[in-house]
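Numbering starts at 1 and runs along the sequence shown.
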Amino acid sequence: MLIATINSSIVLIALPDIFKGIHLNPLEPSNTSYLLWMMMGFLVVTAVLVVSFGRLGDMFGRARMYNMGFLVFTISSIFLAITWFDGAEAAIWLIFWRVIQGIGGAFLMANSSAILTDAFPANQRGLAMGINGVAAIAGSFLGLLIGGVLAPVQWHYIFLVSVPFGVIGTIWAYMKLHDLGERKHAQMDWWGNITFAVGLIAILVAITYGIQPYHGANMGWGNPWVIGALVGGAIMLAIFGVIETKVESPLFQLSLFKNRSFAFGNIANLMASIGRGGLQFILIIWLQGIWLPQHGYDYSRTPLWAGIYMVPMTIGFLLSAPVAGALSDRLGTKWFTTLGMLLTAGTFGALIALPVNFDYWVFAVILLINGVAMGLFAAPNRTEVMNSLPITSRGSGAGMMTTFQNAAMVLSIGVFFSLMIAGLSAHLPSAMYGGLTQNGMPDQAAQGIAHIPTVGILFAAFLGYNPIQQVAGQSMHGLPQASVDHLTGLDFFPHLISDPFSDGLTAAFTFALICCVLGAVASLFTGKPKAPVAESVGVELAAVAGEASMEAPAPLVDESSSAKTGSRDLA
């Protein structure tokens, strides 16, 4: 989980160096799609495939599917690291292998929670899920730091990092991981798989292209193809829902939603993921595009320092997640998840009140509390959901939960970027025009630059670029050298977008705050604080034996005779 999430975030911070290395300008309209798919391709693929792979784990063994994921992940990392193409060909090569890497990641994500649930008795699962959550969140921020250090040296290194871990992990997992859960052989729900994949891909692709310019508009939500993909995707998902009620072995076991803890736990997780999914992107834009240049950091250094300045959030999560997971094993999960969501909502309110050019210690405290709040929610929420599942459905149930989470993150990124673009576009053109003309830019040239697509300006801030030199080009010829230096330096662009950016921040963080409050309300409807869920004797003893030895535990009790009892207890 650590290496999977490192690879997810390491690309975000290294994008400027990747595009420089393959000699491609990501801010040109024709190249925007490469930038978006480099960021979001991994998430889209994992969101689409993770339920199917969880189902395969239930049918053929979770450890086997997990091992396959490790292998696919490692092979794709090698091919990403040895990219030899240039320009658009290199971008397509990288996106293709990122998609393959996402397939490996889907195998890992779909089965890791189920393997942990099988391996640990009920009274230790919260702690186990907390440690797993720590690995996931720590990886997402370690990726920012590692990418910031390695990408300026050589961008290939960011993909090479995971290769030795992947090789060792593949061998170790093959030798040491063994299935403790009960396999449930069934026919694959092919029509369910197809309609679900087509519907979800259509919606996620529509979101991706909805934030790109279309025929002079700042965004593409009026694009007939985007509208068609959204409507068509919704229809396919509705057909999928009907299919799932008719087939013998459905991909989505809709009957699981009759369980209150599973249903409301997933709703809370969905709201939390939508609310927090775009946060990392917004903070990177805020730091790289505005705050760090305003405080004298050269653009070549902003990726590394953006990762460093976001460390308090990681520290907060590392401190709270294992503790919350362990305590929730004894005290129940509801109040941990509810408090975590309310605290997260409070930090979004604090970020709204914070000036764009903030005092860092205040920003650090807010991030620390945000990390603590996420830790309070994450492990108890996943434990509540996984404990509610019968033993034969843990893989598909974990896959469903991860699908909601990953799809929500893509949705969140689309919503956050849309709100940011809407907020920026209201005042940015006039601010850009005024700033350029005050520095001697001819009126006609300033008008043209001021009305370039807002998404280009937003991506420039996200990548830590000053786009003025690129978009102004020939228009700066004839200007005094002092004006040219000012326009292309560290001062002009960050100050120019500060006020318009503040409008976008307010809109995006208000949306996130509302989502977190809804997540807190949903958490209140999960199960009451209660004693740990009873396990079948076989699973309990197998878990204890698994803790005592690195080898596969002997079958101390025949689980088949007690599976019905365990399933009934878990339900």
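- Here the rule is side-chain contact (heavy atoms from CB on, under 4.5 Å) with F509, and of I282, L354, T347 only I282 fits it.
- Nearest heavy-atom pair, V163 versus S77, reported as atom, atom and distance to 0.1 Å: CG2-CB, 4.0 Å.
- Here the OG1-CE distance, from T170 to M175, works out to 13.0 Å after rounding to the nearest 0.5 Å.
- Ring geometry for W37 versus Y209: interplanar angle of 30 to 60°, hence tilted.
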Apply side chain to side chain contact (heavy atoms under 4.5 Å, CB included) to residues Q294 and S498 and explain how you reach the verdict. CA-CA 10 Å; Q294 283 183 335; S498 287; 3.2 Å; yes
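- If you take NE2 on H295 and OG1 on T302, they are separated by 14.0 Å, rounding to the nearest 0.5 Å.
- In this structure, I285 and F501 have side chains that are in contact, with non-hydrogen atoms separated by less than 4.5 Å.
- Side chain of W93 to backbone of F79: a donor-acceptor contact under 3.5 angstrom is found.
- Side-chain N or O atoms of H486 include none that pairs as donor or acceptor with a backbone N or O of F492 at under 3.5 Å.
- Taking both residues in full, the closest heavy atoms of P312 and A364 are given as CB-O, 3.5 Å, listed atom of the first, atom of the second, then distance.
- Of all heavy-atom pairs spanning L496 and A431, the tightest one is CD1-O, 3.1 Å.
- At a threshold of 4.5 Å between non-hydrogen side-chain atoms, the residues F159 and I18 count as touching.
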Step-by-step side chain to side chain contact (heavy atoms under 4.5 Å, CB included) determination, F73 to Q101: CA-CA 5 Å; F73 197 90; Q101 197 177 52; 3.5 Å; yes
Check against side-chain hydrogen bond (donor to acceptor under 3.5 Å, both in side chains), D503 and H427: CA-CA 9 Å; D503 296 336; H427 299 107; 2.8 Å; yes
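- Taking OH from Y174 and CZ from F70, the interatomic distance works out to 16.0 Å, rounded to the nearest 0.5 Å.
- When atom types are taken as modelled, the side chain of S412 and the backbone of A408 share no donor-acceptor pair closer than 3.5 angstrom.
- Nearest approach of P494 to P293, heavy atoms of both residues: CG-CB, 3.5 Å.
- Residue Q444 places its CD atom among 12 or fewer non-hydrogen atoms of other residues, nucleotides or ligands, all under 6.0 Å distant.
- Between atom CD1 of residue I6 and atom CG of residue L2 there is a gap of 4.0 Å, rounded to the nearest 0.5 Å.
- Checked by atom type and distance alone, the side chain of S76 pairs as donor or acceptor with a backbone atom of V72 at under 3.5 Å.
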Between V311 and L145, is the side chain to side chain contact (heavy atoms under 4.5 Å, CB included) condition met? List the steps. CA-CA 9 Å; V311 163; L145 295 176; 4.0 Å; yes
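- Between F358 and F363, the ring planes are parallel. Angles under 30° get that label, and only those over 60° would be called perpendicular.
- A91 approaches Y34 most closely through the heavy-atom pair CB-CG, 3.9 Å.
- Below 30°, between 30° and 60°, or above 60°: for Y360 and W291 the angle between ring planes is between 30° and 60°, a tilted geometry.
- In terms of modelled atom types and a separation under 3.5 Å, the side chain of W286 and the main chain of V356 share a donor-acceptor contact.
- Atom CG of D485 has more than 12 neighbouring heavy atoms from other residues, nucleotides or ligands inside a 6.0 Å radius.
- Residues W221 and S418 are in side-chain contact: their nearest non-hydrogen atoms beyond the backbone lie under 4.5 Å apart.
- The closest side-chain heavy-atom distance from L283 to L367 is below 4.5 Å.
- Using the six-membered ring where Trp is involved, Y309 and W305 have ring planes that are tilted, between 30° and 60° apart.
- Within the 4.5 Å cutoff, side-chain heavy atoms of L35 are placed close to those of L15.
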CA sep, side-chain torsions, deciding dist, call: I158, I146, side chain to side chain contact (heavy atoms under 4.5 Å, CB included): CA-CA 7 Å; I158 68 167; I146 296 170; over 6 Å; no
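- In terms of heavy-atom proximity, F19 sits nearest to M38 at CZ-CE, 4.2 Å.
- Put simply, the side chain of L279 reaches to within 4.5 Å of the side chain of L351, judged on heavy atoms.
- Atoms OG1 and CG, from T314 and L142 in turn, are 7.0 Å apart once rounded to the nearest 0.5 Å.
- Atoms CE and CD, from M432 and Q447 in turn, are 12.0 Å apart once rounded to the nearest 0.5 Å.
- No side-chain heavy atom of V415 sits less than 4.5 Å from a side-chain heavy atom of I274.
- Side-chain contact between V45 and I100: absent, with no pair of heavy atoms (C-beta onward) separated by less than 4.5 Å.
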